[in-house]
S.K.: 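A single structure is presented below for examination.
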2 protein chains.
Amino acid sequence: MNTADSILQTALSEFAERGYSGTSLNTIANEVGIKKPSIYNHFKNKEALFEAVVKKVYVDYMQTLKIEIDKAPSAEAGLKSILWGLANYLSDAEEGKFYMRYILFPPEALADVVNRTFMQFEEDCNKLFLPVINRLELSPDVTDEEALDALYCLLDGWTVQTLYYSHDIVLRKREASWKVFMEGVSRKESKGS
Amino acid sequence: MNTADSILQTALSEFAERGYSGTSLNTIANEVGIKKPSIYNHFKNKEALFEAVVKKVYVDYMQTLKIEIDKAPSAEAGLKSILWGLANYLSDAEEGKFYMRYILFPPEALADVVNRTFMQFEEDCNKLFLPVINRLELSPDVTDEEALDALYCLLDGWTVQTLYYSHDIVLRKREASWKVFMEGVSRKESKGS
DNA sequence: GTCTATATACAGATAGAC
DNA sequence: GTCTATCTGTATATAGAC
């Protein structure tokens, strides 16, 4: 890996962990094994470095989503495996943590570029998710758009919860909310009552 | 309002907006109308100030939850109004924004105190929510605990979404995910199929 | 309790030698 | 492309006068 990539990767990790203001270029340089001024040979300044990380994360997350969708089987089990894959990516990969932190709390001066990049990301997501939703046997009471909205809410809830619950509890909560979601969107067979 | 309270309130707002490292005591002092060293007459240092804000937010959020639960009517409509009230509090009040930011991304050195405080908070929440869940006519397929887990997931999803969607879209998404949630947890009447 | 003045540390960024 | 040296600004925090 060349120096620029090392800086990028280290910056990603530090920004995700300590926040933009909490991360110093000195720390990044030390971890990479260079001196601080050398960073400026690869990136114009701290803001430009941050923006480069944003773009990298966008590409990386998109790729992960595509992989998860491709390897998924069909209908319900497929959707579940896609969501699980995404939730795990967001909680485990440093790219995922970075994504979560800065879509929610972008540094003031960089909010614009962050928002534009990640909003574009969600549009691309929609295109990938809708066909999967279509393969489900939806309840006649629920439209595709409602199912998609509820799906994002589910995923957003999961990703938040990975930030502050232990792994065991996260898994339990995912199963429960997944079950309720599927009960809510699925075509009902009359089960007595 | 006395000086200590002014500092506390201003710190809450600045921390919520700019993050811990991104907030300087100088800014806080200016906004309060005093000089920076005066802050140290009321709080030992920046960390102590932050901890005081955490405690304040805990008390404030708990109070909001109690108020929402007390004024709610019964069963389904009641639960909906409670959740709406909480989601609005989290998205509109500065206390809510602070809560969201630091339960998700506490500054490294203060993670312990943040986690202890907010975990205590959730235990108290459970005690308040369970009776409300009990008043619903739950589907025989869903346990109380599952419904509660799914409920928190719903609320977590909503609160995240208030951070990056416009108000209109937030409302649409809430309605959709609420509908799917209620479909999922409610006792089914056989509607043909 | 509030201030001015200051100590100390470290941040981002640049100049210029190699 | 990397370094040493340095500029400049600003951060937290304290000492001590009023």
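Here is the naming used below: chain letters follow the sequence lines, and residue numbers restart at 1 for every chain. It should be emphasised that the depicted structure is a prediction, and the values quoted were computed from it without experimental measurement.
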S.K.: Using the ring-ring contact (aromatic ring centres under 6.0 Å, His included) criterion, which residues pair with B/F43? Sequence neighbours excluded.
M.R.: none
S.K.: A/K36 NZ to D/dA5 P: how many Å, rounded?
M.R.: 14 Å
S.K.: Taking only residues two or more places apart in sequence, or in another chain, which ones meet A/R116 in a salt bridge (Lys or Arg N to Asp or Glu O under 4.0 Å)?
M.R.: none
S.K.: Any ring pair (Phe, Tyr, Trp, His ring centres under 6.0 Å) pairs touching residues 16-36 of chain B, not counting sequence neighbours?
M.R.: B/F15-B/Y20, B/Y20-B/F50
S.K.: Report the distance from atom CD1 of B/I34 to atom C1' of C/dG1, rounded to the nearest whole Å.
M.R.: 10 Å
S.K.: Pairs in or reaching into residues 21-41 of chain A: which pass salt bridge (charged side-chain N to carboxylate O under 4.0 Å, His left out), with residues at least two apart or in two chains?
M.R.: none
S.K.: Round to the nearest Å and state the distance from B/N2 atom CG to C/dG1 atom P.
M.R.: 9 Å
S.K.: For the pair A/K46 (side chain) and A/T23 (backbone), establish whether a donor and an acceptor sit closer than 3.5 Å, ignoring hydrogens and angles.
M.R.: yes
S.K.: Indicate whether OP1 or OP2 belonging to C/dG1 is found under 4.0 Å from a side-chain N or O atom of B/S38.
M.R.: no
S.K.: Please name all residues satisfying ring-ring contact (aromatic ring centres under 6.0 Å, His included) with A/F129, sequence neighbours left out, ordered by chain then number.
M.R.: A/Y152
S.K.: Please identify each residue that fulfils salt bridge (Lys or Arg N to Asp or Glu O under 4.0 Å) with B/E14, with sequence neighbours left out.
M.R.: B/R18
S.K.: What nucleotide among D/dA5, C/dG12, D/dG1 has an atom nearest to a side-chain atom of A/Y40?
M.R.: C/dG12
S.K.: Can you sort out the partners of B/F181 under ring-ring contact (aromatic ring centres under 6.0 Å, His included), two or more places apart, ordered by chain and number?
M.R.: B/W178
S.K.: Hey, can you pull the residues of residues 44-56 of chain B with a non-hydrogen atom under 4.0 angstrom from DNA chain D?
M.R.: B/N45, B/K46
S.K.: Just how far, in rounded Å, is P of C/dG12 from CD1 of A/I39?
M.R.: 9 Å
S.K.: Please list, by residue number, the residues of residues 20-32 of chain A whose heavy atoms come closer than 4.0 Å to an atom of DNA chain C; answer none if no residue qualifies.
M.R.: A/T23, A/S24, A/L25, A/N26
S.K.: Starting at atom CZ of A/F43, determine the distance to atom P of C/dG12, rounded to an integer number of angstrom.
M.R.: 15 Å
